[in-house]
Amino acid sequence: MSLTRIQVQRATTVSPWTRDFRHLLPVPKHFQNRQTWFDPITKAVRVKDRIKYWNVVPGDQICIRGDTRKTIHEVLSINKFTNRVYLKGANLHEGKPYKTPVNRSVHYSRCMLYIGEQIGKATSVGDQPKAISVFARRIGVRDPHWDPILHRWNWKRLILATDPYTPKAKIELPWPQPEERDHKEPNPLLDTTPEVVREITYKPPVFSLSKLLSLQSGATEKAYLRMLFNPSAIPLDTSAPMEVYLTKELSNPHSRAKKQARWQAAVKRKSTLFKKFIAQELRNINGRSIRDARAEAAFKYRQKLEEERKSEKKRRWLTKDRLAKMERKSKRKARKAERQKEKLSQLVLRDAPNQFIPGKSARRQEA
């Protein structure tokens with residue numbers, strides 16, 4: 001499946017996990033053409049320049065290569081189509097309140113992962129050794145594999161070179177751990193108390209087998225529903241539990257057994273209808289061969305199914321809301337036509353020298 005323009009425009013992600021390698025697919029060139037000035041700019045580097053296994057992910061702490069002050073930044077998000085890493089808290093428009101804040105981004109190759117601190121050597125006699133930050137200058141990928149449980153790709157990040165140099169090599173660098181969510185205390189005025197939640201408010205009724213066998217579910221259900229609106233119509237035993245009368249109403253209509261029963265009934269009805277068409281054509285063969293008669297029956301059968309499908313589609317489309325809307329529209333059209341007819345019937349022309357009405361203008365002149 002090829003990429004879409006929206007997928008490329010929304011490629012910036014805050015997830016540290018790689019679930020697929022769709023970022024290695026080629027991006028069509030026409031995606032970079034903007035239809036209007038309001039469309040976002042779509043950028044993507046060449047496929048051969050993209051990174052397959054990303055070792056710098058959101059949540060990591062990095063240092064920008066070439067920074068003499070060794071400032072540590074936190075990764076906010078990444079874009080695998082442009083190889084850009086966005087830093088947290090670094091605003092390009094800082095001090096300009098009239099501009100929209102934009103996070104600073106650096107290229108993937110300029111990122112050095114922060115490992116930790118080590119005690120450096122004293123520069124002179126009497127000075128105490130200082131703690132020095134250590135960064136990973138090169139990172140390798142080991143044992144990439146698909147995790148079928150978490151549905152993502154996993155691999156080990158190995159440190160191959162550090163800055164400054166350390167004798168330890170090929171140290172595994174752990175992945176960043178997600179921050180724990182801060183669960184606020186519930187508001188007692190808005191939330192339900194645990195005592196109310198644990199309270200048992202429904203007690204299942206005790207069913208009698210003799211009463212269940214004596215009831216007819218279809219007729220009893222309709223009678224019970226009518227009794228709710230008109231209690232004096234049909235007297236029923238109100239002491240009996242509601243579930244006794246509403247077995248069909250309360251049962252799940254989408255259970256596997258019921259769906260299978262409906263499917264089997266539909267297949268049986270289609271088979272019976274097809275046999276009916278064949279028998280009808282074979283009775284009135286009219287000089288045709290049996291093969292032609294069966295073909296004609298099959299054609300009529302398919303035509304009948306298509307008509308049923310269209311009628312069912314129209315029946316589902318004609319909901320109560322649509323019917324009410326169509327009725328209002330027809331009444332509105334009738335009122336509009338009545339107003340136009342009334343305007344035409346009450347139309348009166350003002351007298352003018354260039355008008356002539358046969359039989360009436362002469363009488364007006366005499367008067």
Side-chain angles (χ1 to χ4, degrees), residues 1-33 40-67 71-88 90 102-116 133-163 165-166 168-179:
M1 185 177 179
S2 59
L3 294 170
T4 61
R5 189 190 298 268
I6 299 297
Q7 290 176 345
V8 180
Q9 292 175 353
R10 300 178 180 177
T12 305
T13 177
V14 296
S15 174
W17 312 116
T18 300
R19 302 193 180 277
D20 52 48
F21 297 113
R22 289 180 56 81
H23 64 279
L24 301 178
L25 295 176
V27 178
K29 290 185 177 180
H30 67 271
F31 281 4
Q32 301 179 5
N33 300 332
I41 301 176
T42 304
K43 295 182 180 180
V45 299
R46 294 179 296 182
V47 176
K48 66 178 183 178
D49 295 335
R50 296 178 201 166
I51 302 161
K52 184 175 182 180
Y53 298 102
W54 276 68
N55 291 318
V56 179
V57 295
D60 283 328
Q61 292 182 333
I62 65 167
C63 171
I64 301 175
R65 194 184 300 269
D67 186 6
T71 306
I72 298 176
H73 304 274
E74 184 178 352
V75 178
L76 176 64
S77 58
I78 57 176
N79 191 326
K80 297 182 181 180
F81 283 93
T82 58
N83 294 343
R84 307 296 294 185
V85 178
Y86 294 86
L87 306 180
K88 190 175 183 179
V102 179
N103 292 96
R104 180 187 177 186
S105 66
V106 295
H107 195 267
Y108 179 88
S109 60
R110 296 186 60 194
C111 299
M112 296 191 301
L113 285 174
Y114 174 72
I115 303 174
S133 300
V134 182
F135 302 93
R137 194 158 45 89
R138 284 179 53 207
I139 302 177
V141 177
R142 295 293 184 272
D143 189 25
H145 62 278
W146 172 257
D147 192 337
I149 299 176
L150 300 177
H151 300 282
R152 68 189 186 201
W153 286 89
N154 286 338
W155 62 86
K156 297 178 181 178
R157 301 190 295 182
L158 296 183
I159 302 172
L160 304 180
T162 60
D163 183 19
Y165 172 77
T166 54
K168 295 182 180 181
K170 294 186 178 181
I171 305 173
E172 183 178 353
L173 185 64
W175 294 95
Q177 298 297 327
E179 298 180 358

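Here the structure is a predicted model, which means the values were calculated and not measured. Computed over heavy atoms, backbone and side chain alike; hydrogens, waters and symmetry mates excluded.
The environment of Arg19 atom CZ is dense: over 12 non-hydrogen atoms of other residues, nucleotides or ligands sit within 6.0 angstrom. Counting non-hydrogen atoms of other residues, nucleotides and ligands closer than 6.0 Å to CZ of Arg10 gives a total of 12 or fewer. A 6.0 Å sphere centred on CD of Glu172 holds more than 12 heavy atoms belonging to other residues, nucleotides or ligands.
The distance from the CZ atom of Arg138 to the CD1 atom of Ile159 is 12.5 Å, given to the nearest 0.5 Å. Rounded to the nearest 0.5 Å, atoms CZ (Arg50) and OG1 (Thr82) are 9.5 Å apart. To the nearest 0.5 Å, atom CZ of residue Phe31 and atom OG1 of residue Thr4 are 6.5 Å apart. Note that CG of Asn79 is 9.5 Å distant from CZ of Arg84, once rounded to the nearest 0.5 Å. One distance of note links CG of Leu3 with CZ of Phe81; it measures 4.5 Å at 0.5 Å rounding. Taken to the nearest 0.5 Å, the CD1 atom of Ile62 stands 14.0 Å off from the OH atom of Tyr114.
In this structure the side chain of Ile171 never reaches within 4.5 angstrom of the side chain of Thr162, judged on heavy atoms. Contact annotation: the side chain of Val141 approaches that of Asn55 to within less than 4.5 Å [non-hydrogen atoms, C-beta and beyond]. For the pair Ile78 and Lys80, the minimum side-chain heavy-atom distance is below 4.5 Å. Proximity of His23 to Thr13: side-chain heavy atoms (C-beta onward) are nowhere separated by under 4.5 Å.
Classification of the Trp155-Trp175 ring pair by plane angle, with boundaries at 30° and 60°, yields perpendicular.
Although no hydrogens or angles enter the test, the distance criterion places no donor-acceptor pair under 3.5 Å between the side chain of His30 and the main chain of Pro28. With hydrogens and angles disregarded, a donor-acceptor distance shorter than 3.5 Å links the side chain of Asn83 to the backbone of Asp49. Listed for the Arg157 side chain is a donor-acceptor partner under 3.5 Å among the backbone atoms of Pro174.
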CA sep, side-chain torsions, deciding dist, call: Arg152, Asn154, side-chain contact (heavy atoms from CB on, under 4.5 Å): CA-CA 7 Å; Arg152 68 189 186 201; Asn154 286 338; 3.3 Å; yes

Applying side-chain contact (heavy atoms from CB on, under 4.5 Å), run through Leu25 and Gln7 and close with a yes or a no. CA-CA 12 Å; Leu25 295 176; Gln7 290 176 345; over 6 Å; no

Verify side-chain contact (heavy atoms from CB on, under 4.5 Å) between Val56 and Leu113, making sure each step is shown before the conclusion. CA-CA 7 Å; Val56 179; Leu113 285 174; 4.3 Å; yes

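Pro26 approaches Val47 most closely through the heavy-atom pair CA-CG2, 3.7 Å. In plain terms, the two heavy atoms of Arg65 and Ser109 that are nearest each other are NE-O, 3.3 Å. Considering every non-hydrogen atom in both Leu24 and Ile51, the closest pair reads CD2-O, 4.2 Å. The two residues Pro58 and Pro176 come nearest to each other via the heavy atoms O-CG, 3.7 Å. Of all heavy-atom pairs spanning Pro16 and Val57, the tightest one is O-CG1, 3.5 Å.
Trp54 has its ring centre less than 6.0 Å from the ring centre of Tyr108.
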